Each structure stands twice: as C-alpha cells, then as structure tokens.
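Structure, as structure tokens:
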Amino acid sequence: MDFKTMLQLPVLDTTEVLNILQEIADVERHKERPQMPQVTISTTNDSATGFFVNYDSDKRTILLCDMYDRKAQFQYIASHSVSSVSIRNIEAYGYLLSDGTILFTPSDDEIPTVLQLKKDIKALEDVAQSLLGKPLAISYNYEGTPEDLDKFYASKVLTVLQNTLSKIGADHLAKTAFTDAIASLNFTLGKDNTSLLNQDVLTLTIDTTKGLKSFPKAAQLQEQIETFL
C-alpha cells in the first residue's frame, strides 16, 4: 500500500478493527502457510504484541499467540479494555479497512478458470445433496466471458453458499422447508444482496460493489433464503 492509498483509509472504531482482523485470521488459518496479522493491542493498563489468532465477541476476549525459542506464548485480552490497536502484516487485506475505496486485486493463482468454476459448482452440488438429502442444481449466471475478478468473486460465492447450506442442513425444519420449496439455485454478481424465488428456482444476487466486504455472511444469506420458506 502506497502513501496516497493509505490516505484514503477511514476512521474505524476498535470493535470494527477487531472484526476485520478476525475475518483476515479466518482466511489465513486455512492456508498452508498462514500469514496471521501482527498486532500491538494497548489496554487501559498495559499493552500486548503478537499474532492475532481469534476474537470472540460474545466472550469479549482476544487471543494473541507468539513463539519464543520454539515455545508458544498465549495472551488473552478483554476486548472492552482495548484503547488502541496497531496492525502489521496485512498488506493483502488493506481493502477490508477501506470500505470499498481501495480496490481489491486477487493474485493470479487465486483466479479460477471457467472450467474450474464448473468443477467446483459440481462439487458443491454433491456436498449440497449430502447436506440436504436431495439433489440441488446450482449455476452461476453471467453474460459473455466473465472477467478475472468476477471469476474470483464467483469462487468465493461458492464458499458462502456451502456455509449457508451447512447451516440450513443442520436445522431439521429449515432443511425440510428448503428441500420442499427449492430444486435449483442460481447466483449472479450485482450491486445488491437480493433473493428471488420463482416456482422452485431460487436466484441470488451477490453484492460486489465493495468487493468481498459487501458479500453477505452465511447467517445473513440464510435469513434471506428462509423468507421464502
């Protein structure tokens, strides 16, 4: 991030910053070589430095970890006592702090081909059938040839869909209502997060105006879908 780009960053309160750090940590922890955010958190009485690992908003607690002489060190911090947060090692995630003003650019190895997307959609259909106990046809609707960024976003939509279907499948009543009402699920990229059910075809529009930041969370998408059930 250059200096001019840095000047576009808005002011965020510490709770927003902690939620963003949790979002980054959730992505990085599943990589082969995680690059967790490095932070210094100041409280009313002290400060702590380490790798940001977890933040539980219900328990209002932050977990920082570090390694010294190959020995792990853990620090648990009460989030209500946080007065400031200093962040490092998040160059790839600057867009999450910008509320859409800093453009997100995925690396080449994060952009799937159209063929790979089709394979991933088929794999998601198989997962959906195991979760719901009934086939669900899934398709990505687009015009012409999708741009690289659109293909990246489409791949991330599949992750959100899987998480959403997992939540629905875990609830017996929701699963029954879903399978009774919906046989096909289509999604497209757009400027709003909307849902539309026409007969047994559910069409989802995923908002990409602020990149991944405007994507619905699984719980939000579940609520949108369940309004039709």
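Note that the structure is a prediction, hence the values are computed from the model and not measured. The residues of the chain are indexed from 1 along the displayed sequence.
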- Task: Using modelled atom types only, decide if a donor and an acceptor are shared between the side chain of Thr113 and the backbone of Gln116 within a distance under 3.5 Å.
- Result: yes
- Item | By ring-ring contact (aromatic ring centres under 6.0 Å, His included) - contacts of Tyr93 (at least two apart) | none
- Just jot down the salt bridge (Lys or Arg N to Asp or Glu O under 4.0 Å) partners of Lys122, sequence neighbours excluded, or say none. Asp126
- Which residues satisfy the salt bridge (Lys or Arg N to Asp or Glu O under 4.0 Å) test with Lys31, sequence neighbours excluded? Glu28
Atom pairs and distances, donor-acceptor, side-chain atoms in residues 131-148, under 3.5 Å, two or more places apart:
| unit_1 | atom_1 | unit_2 | atom_2 | d |
| --- | --- | --- | --- | --- |
| Lys134 | NZ | Thr179 | O | 2.6 |
| Ser139 | OG | Asn186 | OD1 | 2.5 |
| Asp148 | OD1 | Lys151 | NZ | 3.3 |

- Would you find a donor on one side and an acceptor on the other, under 3.5 Å apart, between the side chain of Ser47 and the backbone of Ser42? no
- Item | By salt bridge (Lys or Arg N to Asp or Glu O under 4.0 Å) - contacts of Asp69 (at least two apart) | none
- Item | Stepwise salt bridge (charged side-chain N to carboxylate O under 4.0 Å, His left out) check, Arg29 with Asp26 | CA-CA 6 Å; Arg29 78 175 79 255; Asp26 285 342; 3.2 Å; yes
- Task: Go through Glu110 and Ser107 one step at a time and tell me if the side chain to side chain donor-acceptor pair (under 3.5 Å) criterion holds.
- Result: CA-CA 5 Å; Glu110 292 180 294; Ser107 59; 3.1 Å; yes
- Query: Would you say the side-chain atoms of Gln75 pair up with the backbone N or O of Thr49, donor to acceptor, closer than 3.5 Å?
  - Reply: yes
- Message: Under a 3.5 Å distance rule, please check whether Asp56 uses its side chain to pair with a backbone N or O of Lys59 as donor and acceptor.
- Response: yes
- Task: Could you go through the side chain to side chain contact (heavy atoms under 4.5 Å, CB included) check for Asn193 and Thr205 one step at a time?
- Result: CA-CA 5 Å; Asn193 289 314; Thr205 300; over 6 Å; no
- Message: With rounding to the nearest 0.5 angstrom, report the CG to OG1 distance, Asn19 to Thr14.
- Response: 10.0 Å
- Heavy-atom donor-acceptor pair, Asp192 side chain to Thr194 backbone, under 3.5 Å: no
- Linked, directly or transitively: Leu21 and Val53 (ILVMFWY side chains, under 4.5 Å): no
- Ser57 side chain to Arg60 backbone, donor-acceptor under 3.5 Å: no
- Query: Judged by atom type as modelled, is there a donor-acceptor pair below 3.5 Å linking the side chain of Gln162 to the main-chain atoms of Thr159?
  - Reply: no
- Message: Show the nearest heavy-atom pair for residues Gln224 and Pro216, with the distance to one decimal.
- Response: OE1-CB, 4.3 Å
- Transitive ILVMFWY cluster of Phe51, excluding itself - 4.5 Å side-chain cut-off: Met36
